[in-house]
Q: 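Structure below; questions to follow.
Just so you know, these numbers use all the heavy atoms, side chains as well, and skip hydrogens, waters and symmetry mates. Residues: numbered from 1 along the sequence shown.
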Amino acid sequence: MTIQPVILCGGKGSRLWPSSRKSFPKQFAPIFGELTPYQELLQRLSGEGFAAPIVATHDDFRFMATDQAQEVGIWDANVLVEPEGRDTAASVLAALMKSGAGAETLFLVTPVTHFEGSDEAFRQVILSAVDRVRRGEIALFSDAAADAAAPRARVAGGRAQNFAVVQGGTSDACAAGMALARGGDLMRAYERLAPDLVEPCRRAVEDGAPDLGFFRFEPEAFAGARKLSFAHDIVGRAERTVPLPLGGACTDIASWNAVWTLSDRDADGVATQGDVMAVNCSDSLLRSDEDTIQVLGVGLKNVVAVAMRDAVLIADRSQLDAIPGALAKLEARGRKQAAEYPRYHRPWGWYESLVTGARFQVKRIMVKPGGVLSLQSHVHRSEHWIVVSGTAEVTINEEVKLVPENGSVYIPVGAVHRMANPGKVPMFLIEVQTGSYFGEDDIRRYEDIYHRC
């Protein structure tokens with residue numbers, strides 16, 4: 001018996017700004033510890049009894065989904081690329097069709113959630129529902145917090161003795177998308193409750209195509225799928241759906257209040273993450289997402305303070321629902337921090353801007369093993385590259401050479417160039433740009449292995 005996980009890896013996560021942003025949503029952000037919620041879920045759904053995961057995500061995050069899976073040892077994830085968001089019902093149906101699995105195949109459909117408990121306990125709960133599902137029932141897993149009446153007491157060094165609904169991320173958020181069912185039973189539910197989805201999803205799969213290890217649904221067909229919720233419109237209305245407890249608190253981490261509730265807190269109700277000191281504070285969350293930024297809170301009560309290198313959030317915990325509207329105002333002012341993350345992830349790795357002046361910019365760049373930047377040129381800037389770790393393969397016009405650690409190279413204005421990492425470890429370099437304009441639109445691409453030309 002093998003369960004086929006289907007992970008719905010969408011969502012914007014604006015309520016967890018600035019740690020989560022439109023260009024770097026919460027499922028890929030390290031909200032708790034070093035692993036991201038997506039990586040935690042992958043680990044929970046790996047090992048004996050589980051097939052390679054199917055991951056449905058947006059085009060912008062396809063490489064991120066693959067890279068983060070590989071970081072935790074999942075090399076066989078099947079990433080399906082949605083051309084646009086059509087809510088979860090179409091995503092699940094298209095994934096079922098693309099899997100090619102039979103009617104008796106067991107599918108575990110889940111959004112990216114955070115589970116308070118061990119991976120083994122989570123897997124055992126899922127496996128315990130198999131017999132009922134094989135008899136034709138659809139298991140809808142619910143949070144153990146559903147029946148709790150009192151807030152959860154949690155202090156540093158101890159574990160919670162009881163569970164409560166997480167404010168801003170209730171048990172419904174977890175139950176709303178996590179279901180175990182046979183493929184045939186799910187298809188019958190779709191045919192009865194949303195028959196108009198069947199044809200556009202089938203065409204999206206049949207006319208879709210592989211692309212660099214991913215599978216892209218055909219855009220026009222997928223766009224024809226009506227927006228419906230898998231949880232509420234399909235599973236929630238299906239025959240023989242039964243609620244089953246997960247045995248631990250589960251949340252989609254919908255707000256900073258959810259993070260505060262799930263974090264270790266001191267006797268005054270203060271949760272801290274990163275380089276933080278709290279003095280005479282109570283019922284607050286203080287967080288630093290940057291090693292070089294020290295956060296000092298003095299006399300704060302019921303406050304969330306989150307610091308990053310390019311943005312700081314300071315909010316009353318009772319006003320956190322206003323964050324999305326505030327971000328819209330910030331975006332209207334043209335502030336890139338509203339949506340863009342300071343580290344820009346690309347298919348080949350990532351880069352971040354360290355210093356920007358009137359006629360210069362300094363970046364740190366990481367190129368993953370085998371990563372290749374596009375063959376390109378610039379009109380308004382020259383570049384100096386200094387390799388600080390690993391080895392770079394550098395092309396400048398007709399010349400190709402290896403630049404070792406501590407080596408450097410100069411790229412004149414207008415030169416056709418690219419860099420690649422031929423090694424087996426990440427390559428880091430410092431790039432110093434000089435010129436009159438440094439925008440990403442000052443890039444003319446001639447070749448690109450990631451099809452961005």
Side-chain angles (χ1 to χ4, degrees), residues 13 15-20 26-44 72 112-122 143-146 148-171 173-174 246-308 312-318 320 323:
R15 294 178 185 274
L16 290 179
W17 187 90
S19 298
S20 168
K26 62 183 180 180
Q27 61 267 29
F28 299 116
I31 303 299
F32 295 104
E34 296 182 359
L35 296 182
T36 69
Y38 170 62
Q39 290 175 316
E40 290 178 351
L41 179 60
L42 286 171
Q43 289 192 333
R44 290 200 298 270
V72 292
V112 176
T113 59
H114 177 76
F115 178 70
E116 283 287 282
S118 70
D119 293 347
E120 183 58 30
F122 180 91
D143 188 344
R152 188 167 52 146
R154 182 171 182 147
V155 296
R159 298 298 298 172
Q161 298 302 310
N162 64 317
F163 297 97
V165 173
V166 177
Q167 182 178 358
T170 66
S171 60
C174 185
L246 267 176
C250 184
T251 176
D252 68 346
I253 321 177
S255 75
W256 284 119
N257 269 332
V259 176
W260 176 80
T261 303
L262 292 167
S263 299
D264 289 336
R265 305 191 296 274
D266 64 18
D268 295 314
V270 177
T272 60
Q273 298 178 20
D275 203 357
V276 170
M277 178 180 292
V279 178
N280 297 330
C281 297
S282 63
D283 301 324
S284 296
L285 170 65
L286 308 181
R287 176 185 179 108
S288 173
D289 279 358
E290 185 67 32
D291 293 339
T292 60
I293 294 180
Q294 169 74 56
V295 172
L296 174 63
V298 179
L300 301 177
K301 183 177 182 179
N302 209 49
V303 165
V304 170
V306 182
M308 295 191 67
V312 176
L313 170 70
I314 303 174
D316 189 290
R317 285 183 48 225
S318 66
L320 294 176
I323 290 178

Q: Strictly distance-based, threshold 3.5 Å: is any side-chain N or O of Trp260 a donor or acceptor partner for the main-chain N or O of Val303?
A: no

Q: Specify the closest pair of heavy atoms between Met277 and Gln294, including all atoms of both residues, with the distance to one decimal.
A: N-NE2, 3.6 Å

Q: Flag the pair Val306 / Trp17 as yes when at least one side-chain heavy-atom distance between them is below 4.5 Å, and no otherwise.
A: no

Q: Ignoring hydrogens and angles, tell me if any N or O in the side chain of Asn257 forms a donor-acceptor pair with the backbone of Arg317 under 3.5 Å.
A: yes

Q: So do Ile31 and Thr36 actually touch side chain to side chain, heavy atoms under 4.5 Å?
A: no

Q: Grab the two heavy atoms, one from Pro18 and one from Leu313, that are nearest each other, plus how far apart they are.
A: CD-CB, 3.7 Å

Q: Going by atom types only, do Ser263 and Gln273 share a side-chain donor-acceptor pair under 3.5 Å?
A: yes

Q: Does the side chain of Asp275 come under 3.5 Å of the side chain of Ser288 through a donor N or O and an acceptor N or O?
A: no

Q: Evaluate the criterion side-chain contact (heavy atoms from CB on, under 4.5 Å) for residue pair Ile253 and Leu16; output intermediate values, then yes/no.
A: CA-CA 8 Å; Ile253 321 177; Leu16 290 179; 4.0 Å; yes

Q: Do Val259 and Thr261 have side-chain heavy atoms sitting under 4.5 Å apart?
A: no

Q: For the residue pair Glu34 and Gln39, what are the closest heavy atoms and their distance?
A: O-OE1, 4.3 Å

Q: So, taking the atom named CD1 in Ile314 and the one named CG in Leu286, what distance separates them when rounded to the nearest 0.5 Å?
A: 10.0 Å

Q: Kindly indicate whether the side chain of Leu35, heavy atoms from C-beta on, has any atom under 4.5 Å from the side chain of Val72.
A: yes

Q: State, to 0.1 Å, how close Pro37 and Ala29 come at their nearest heavy-atom pair, and which atoms those are.
A: CD-O, 3.0 Å

Q: For the side chain of Arg287 and the backbone of Met308, is there at least one donor-acceptor N/O pair under 3.5 Å apart?
A: no

Q: Once rounded to the nearest 0.5 Å, what's the spacing between atom OG of Ser282 and atom CG of Leu300?
A: 8.5 Å

Q: Do Asp316 side-chain atoms and Ser318 backbone N/O form a donor-acceptor pair below 3.5 Å?
A: yes

Q: What I'd like to find out is whether the side chain of Ser284 reaches to under 4.5 Å of the side chain of Val304, using heavy atoms alone.
A: no

Q: Is any side-chain heavy atom of Thr113 closer than 4.5 Å to one of Arg44?
A: yes

Q: Is there a side-chain contact (heavy atoms from CB on, under 4.5 Å) between Phe28 and Val112? Walk through the geometry before answering.
A: CA-CA 10 Å; Phe28 299 116; Val112 176; over 6 Å; no

Q: Roughly how far, to the nearest 0.5 Å, is the OG atom of Ser255 from the CG atom of Leu320?
A: 6.0 Å

Q: Around atom CD of Glu120, are there more than 12 heavy atoms from other residues, nucleotides or ligands closer than 6.0 Å?
A: yes

Q: Does Trp256 have Arg15 sitting over its ring (NZ/CZ under 6.0 Å from centre, angle to axis within 45°)?
A: no

Q: Of all heavy-atom pairs between Gly297 and Cys281, which one has the smallest distance, and what is that distance?
A: O-SG, 3.4 Å

